[in-house]
Amino acid sequence: MLARLSNKHILLGVTGGIAAYKSAELIRRLRDAGADVQVVMTAAAREFITPLTLQALSGNPVHVDLLDPAAEAAMGHIELARWADLFLVAPASADTLARLAQGIANDLLTTCWLAASGKKAVAPAMNQQMWADAATQVNLETLKSRDIAVFGPGSGAQACGDIGAGRLLEAQQLADLCADQFESGLLSGTHVVITAGPTREALDPVRYLSNHSSGKMGFALAEACVEAGARVTLIAGPVHLPTPARVQRVDVVSALDMLAASAAVVNDAKAAVGSARTVFIATAAVADYRPAQVAAQKIKKGLKDDTLDITLVKNPDIVASIAEQADKPFVMGFAAETHAVEAYACDKLARKKLDLIACNDVSRADIGFQSDDNAMTVFWPDAQAHEKVARVELAKAGKSQIARELVRLLAARLTP
Ligand code: C5P
């Protein structure tokens with residue numbers, strides 16, 4: 001499992017607390033697993049352990065000051081933040097958690113945190129009463145909602161004499177959790193094709209019918225599939241999202257474009273890796289209908305016309321057409337429902353011949369469409385299960401976290 005840390009750049013943030021001594025052991029474990037480690041310390045951390053110790057163990061100069069011209073010349077704080085594949089703050093004190101949750105950047109560690117674009121994690125360590133305090137718990141929830149992983153804390157006897165939750169996890173546990181953040185290999189050898197975003201159906205050269213889909217879920221899934229070792233092609237409708245690293249992107253506009261691109265990419269993928277290792281994931285909110293005619297010129301409003309009739313024709317069902325194929329790939333669909341969520345999801349699962357369907361309740365304002373969070377129920381055919389359908393609930397979490405959980409479910413259902 002630790003091979004996943006090989007050549008990974010880990011930025012370790014050490015904050016003030018008695019558990020800071022465990023950082024020394026953690027650095028050794030991370031380096032033993034092949035990671036390259038740089039350390040940034042707060043002023044309080046230096047009261048507990050010296051930069052020299054951590055420098056010797058990490059093999060790199062330790063970063064302490066935001067305003068040190070010599071250190072900035074060697075590796076500026078923005079450069080350091082960008083260097084990190086994973087930024088882990090361990091131990092993370094209550095004060096540091098509060099500053100991270102609030103976006104305060106008043107020292108080198110918190111400034112790097114804001115500037116870091118890679119994965120982020122915190123390993124809290126504090127007195128059990130400080131851990132239980134409502135303010136600390138709210139800060140934790142804020143960090144979790146931003147897809148920041150929280151490692152521990154463990155519970156037991158504390159340095160202050162109390163017993164309870166708040167102990168920093170052991171170095172090996174922390175190193176294992178760091179490894180878990182990276183590519184799992186769950187989808188290696190597969191080619192995953194994902195549709196995402198809305199489609200736009202032209203009425204005339206300047207107008208179209210569309211919907212509010214942001215594309216975030218599809219993009220998060222693309223990222224999670226790459227992380228799991230898949231080759232990924234993302235067929236995206238018009239969205240304002242950057243292409244995730246190592247993802248091949250095909251931009252489309254209408255449902256008919258999306259259908260043509262999906263069929264072509266799926267065929268290429270099947271030819272390359274075989275249908276059993278090809279996965280089609282339909283997250284796109286495809287417009288159900290398109291105007292029967294696209295006016296060649298802008299439709300003008302007539303002086304006497306209070307109404308305008310537009311004839312719409314049904315768009316093809318992209319996911320169903322892929323699932324119809326004789327040597328069909330593994331097919332996963334999504335359903336956004338406002339009511340009778342389970343009934344509609346199960347109907348789509350059967351009618352569209354899907355292998356898996358993830359469903360969310362878009363009547364909830366806190367999840368879905370434009371939101372960064374999601375909560376889902378996933379269904380799949382299972383002859384042994386009640387009503388021949390198995391299900392699992394994914395609790396509300398950031399879309400990347402949900403995407404990783406979906407990848408795990410998907411990988412478990414792919415035939416080896
Ligand atoms: O029928 P409904 O639109 O609710 O089904 C949702 C699922 O079907 C999603 O996975 C969506 O991407 C897919 N779909 C499609 N082509 C359509 C309509 C929906 O691929 N024309």
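Remember, it's 1-based here, ligands and their atoms both numbered in the order they're listed. What's counted below: heavy atoms across the whole structure, side chains too, no hydrogens, waters or symmetry copies.
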Please state whether the rings of H339 and Y344 are parallel, tilted or perpendicular, taking 30° and 60° as the class boundaries. perpendicular
Polar atom proximity, [X] to ligand 1 (N or O, under 3.5 Å):
| X | answer |
| --- | --- |
| K352 | yes |
| A287 | no |
| K348 | yes |

Heavy-atom check, side chain of V265 versus side chain of F280, under 4.5 Å: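 The answer is no, as the side chains (C-beta and beyond) never meet within the 4.5 Å cut-off.
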Between F334 and V319, is there a side-chain heavy-atom distance shorter than 4.5 Å?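 SC-SC contact between V319 and F334 ruled out.
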Ligand-side contact atoms (ligand 1) for residue partner [X], heavy atom cut-off under 4.0 Å:
| X | answer |
| --- | --- |
| G333 | 10 (O) |
| A284 | 11 (C), 12 (O) |
| V286 | 15 (C), 16 (N), 17 (C), 18 (C), 21 (N) |
| V319 | 8 (O), 13 (C), 15 (C), 20 (O) |

For atom 16 (N) of ligand 1, closest protein heavy-atom neighbour: I318 N, 2.9 Å
Specify the protein heavy atom at minimum distance from atom 6 (C) of ligand 1: its residue, its atom name, and the distance to 0.1 Å.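 I find the closest protein heavy atom is F334 O, 2.9 Å.
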Is E393 salt-bridged to K396, cutoff N-O under 4.0 Å?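 Judged by the 4.0 Å cut-off on N to carboxylate O distance, E393 and K396 do not form a salt bridge.
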Select the closest option to atom 21 (N) of ligand 1 among A282, P316, S262, A255, judged by heavy-atom distance.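 Closest candidate by heavy-atom distance is P316.
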More than 12 heavy atoms of other groups within 6.0 Å of R231 CZ: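 Open.
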Please enumerate all residues that pass salt bridge (Lys or Arg N to Asp or Glu O under 4.0 Å) together with D355, with sequence neighbours excluded.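 With sequence neighbours excluded, D355 shows a salt bridge (Lys or Arg N to Asp or Glu O under 4.0 Å) to K328, given in chain and number order.
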Can you see whether Y208 has R200 sitting over its ring - NZ or CZ less than 6.0 Å from the centre and within 45° of the normal? yes
